[in-house]
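Just so we're on the same page: letters track the sequence lines, and every chain starts at 1.
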2 protein chains.
Amino acid sequence: MAAHALAWIELNARRGGEVATSEQIANSVNTNPVVIRRLLGELRGAGLVESRRGAGAGWRLLRPAESISLAEVYRAVEGDPQFALHPATPNQKCPVGQGIRSALTPVYDAAEQALSAELARTSVADVLRESIAAP
Amino acid sequence: MAAHALAWIELNARRGGEVATSEQIANSVNTNPVVIRRLLGELRGAGLVESRRGAGAGWRLLRPAESISLAEVYRAVEGDPQFALHPATPNQKCPVGQGIRSALTPVYDAAEQALSAELARTSVADVLRESIAAP
DNA sequence: TCCTGTCGTAACCGTATTGGTTACGACGGA
DNA sequence: TCCGTCGTAACCAATACGGTTACGACAGGA
């Protein structure tokens, strides 16, 4: 949904729209404007968009769509690590339980890294282009 | 937890244990035996372990720990795709909404692929070794 | 100055997921 | 026959997520 929202803002800008309102975006994503405002709020925290209030308010990209990668979007939206360790701390009296977390942490880090690197290959502009090109 | 359980089964085997019971594994993972049985049930479905019932029952790896990668474990446990598309189908009357899903699907597939490739670099035997080696 | 449109945010709901727990039947070796 | 273990259903609490309503804050125009 975040990728969709950003692509829509970019399309709107290319059509001459100064800013995009959460209601317009919600109409395309088919959800509630509040959901969009929450979502874009996180992206604003990551420095990807800015919002204007008052009359004629709305949202705008802070950087060219070509330079915003899905890795940044992903990181902004899915803040916490994707790979969680055990909910309860394992049995420290067992050799495995004692060392399992420090054994898995680097593996998880590498996995997140690989994921991020792959997502970095696609930009919001790419998403928009492929969306428009779809049959 | 799945990686932990498999590593424990392997450690137990190296110590001469024929099979590992869900209660023993649960003791190391610090959870309930039923949770372990459910978990290993999925891994059995993926052909990674087998279970024996009756007296003296328990679990055993079906393949050498060196040949079981975390990618297989991950796939067995986290069956469905990690990247979900929109919960509600987007507005088909909008160019972005109409094409966004077919634009994102290949990106998601590539991301899952990158993730899997990274996890494939680590085996259950690696996890056990690193766990035991931990300070 | 007031009015209007939009964001910002809190509050709440329903649903789904997850790990945990209890319970009990099924199985199979001793 | 007995006993230990798996297999599985049922239920619970906690959490997360998208959705919805509501309302104050803000800013620009009339």
Side-chain angles (χ1 to χ4, degrees), chain A residues 1-5 8-9 12 17-45 48-62 74 76-91 97, chain B residues 1-5 8-9 12 17-45 48-62 74 76-91 97:
Chain A
M1 289 171 59
H4 186 156
W8 198 92
I9 295 174
N12 184 250
E18 270 296 305
V19 295
T21 71
S22 61
E23 186 174 358
Q24 294 171 320
I25 302 169
N27 179 53
S28 173
V29 179
N30 191 19
T31 183
N32 193 291
V34 176
V35 174
I36 298 298
R37 291 205 287 268
R38 279 202 293 240
L39 196 52
L40 293 181
E42 300 188 78
L43 299 179
R44 179 183 48 214
L48 302 183
V49 299
E50 72 174 357
S51 61
R52 262 175 35 198
R53 323 225 313 195
W59 302 82
R60 177 179 4 211
L61 300 187
L62 268 181
Y74 182 72
V77 171
E78 313 283 347
D80 347 86
Q82 294 305 295
F83 295 89
L85 279 326
H86 303 56
T89 69
N91 184 350
Chain B
M1 290 171 59
H4 186 155
W8 198 93
I9 295 174
N12 184 250
E18 270 296 303
V19 294
T21 71
S22 60
E23 187 173 358
Q24 294 172 319
I25 302 169
N27 178 54
S28 173
V29 179
N30 191 19
T31 182
N32 192 291
V34 176
V35 174
I36 298 297
R37 290 205 288 270
R38 278 201 294 240
L39 196 52
L40 293 181
E42 300 187 79
L43 299 179
R44 180 182 48 214
L48 302 183
V49 300
E50 75 174 357
S51 61
R52 263 173 36 196
R53 323 228 309 197
W59 302 82
R60 173 173 14 202
L61 300 187
L62 268 180
Y74 182 72
V77 171
E78 314 283 347
D80 345 88
Q82 295 303 298
F83 296 89
L85 280 325
H86 301 54
T89 69
N91 184 351

Practice task
Answer yes or no: is there a side-chain heavy-atom contact under 4.5 Å between B/Ser51 and B/Arg37?
Solution key: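 Sidechains of B/Arg37 and B/Ser51: no contact.
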Closest to the [X] side chain: [options]?
X: B/Met1; options: D/dG18, D/dC6, C/dG20; result: C/dG20
X: B/Pro87; options: D/dC6, D/dG19, C/dC7; result: D/dG19
X: B/Asn32; options: C/dC7, D/dA22, C/dT22; result: C/dT22
X: B/Ala88; options: C/dG8, D/dG19, D/dT5; result: D/dG19

Whole-Å distance between [N] [atom2] and [X] [atom1]?
X: A/Gln24; N: C/dC7; atom1: CD; atom2: P; answer: 9 Å
X: B/Leu39; N: D/dC6; atom1: CG; atom2: P; answer: 13 Å
X: B/Glu42; N: C/dT18; atom1: CD; atom2: C1'; answer: 12 Å
X: A/Ile36; N: C/dT6; atom1: CD1; atom2: C1'; answer: 15 Å
X: A/Glu18; N: C/dT6; atom1: CD; atom2: P; answer: 15 Å
X: B/Arg52; N: C/dG29; atom1: CZ; atom2: C1'; answer: 9 Å
X: B/Arg53; N: C/dG25; atom1: CZ; atom2: P; answer: 14 Å
X: B/Asp80; N: C/dT18; atom1: CG; atom2: C1'; answer: 13 Å

Problem - Criterion side chain to side chain contact (heavy atoms under 4.5 Å, CB included) against B/Ile9, the qualifying member of B/Leu40, B/Leu48, B/Val19, B/Leu43 - result: B/Leu40
Handout entry: The single option from A/Val35, A/Ile36, A/Leu39 passing side chain to side chain contact (heavy atoms under 4.5 Å, CB included) against A/Val29
Key = A/Ile36
Practice task
Quick one: label A/Gly41 by what it contacts on the DNA or RNA (base, sugar-phosphate, nothing), any heavy atom closer than 4.0 Å.
Solution key: nothing
Practice task
Kindly compute the distance separating CG (A/Asn30) from NE2 (B/His86), expressed to the nearest 0.5 Å.
Solution key: 9.0 Å
Kindly say if [X] contacts the phosphate of [N], meaning a side-chain N or O under 4.0 Å from OP1 or OP2.
X: A/Arg37; N: C/dC7; value: yes
X: B/Thr31; N: C/dG19; value: no
X: B/Ser51; N: D/dT5; value: no
X: A/Thr21; N: C/dT6; value: no
X: A/Arg38; N: C/dA10; value: no

Practice task
Return yes if some donor-acceptor pair links the side-chain N/O of B/Asn91 with the main-chain N/O of B/Gly97 below 3.5 Å, else return no.
Solution key: no
Exercise for the section: On DNA chain D, check which nucleotide each of B/Arg44 and A/Val34 is closest to and give me the residue with the more 5' one. Expected result: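 Mapping each residue to its closest nucleotide by heavy atoms, the 5'-most match is B/Arg44.
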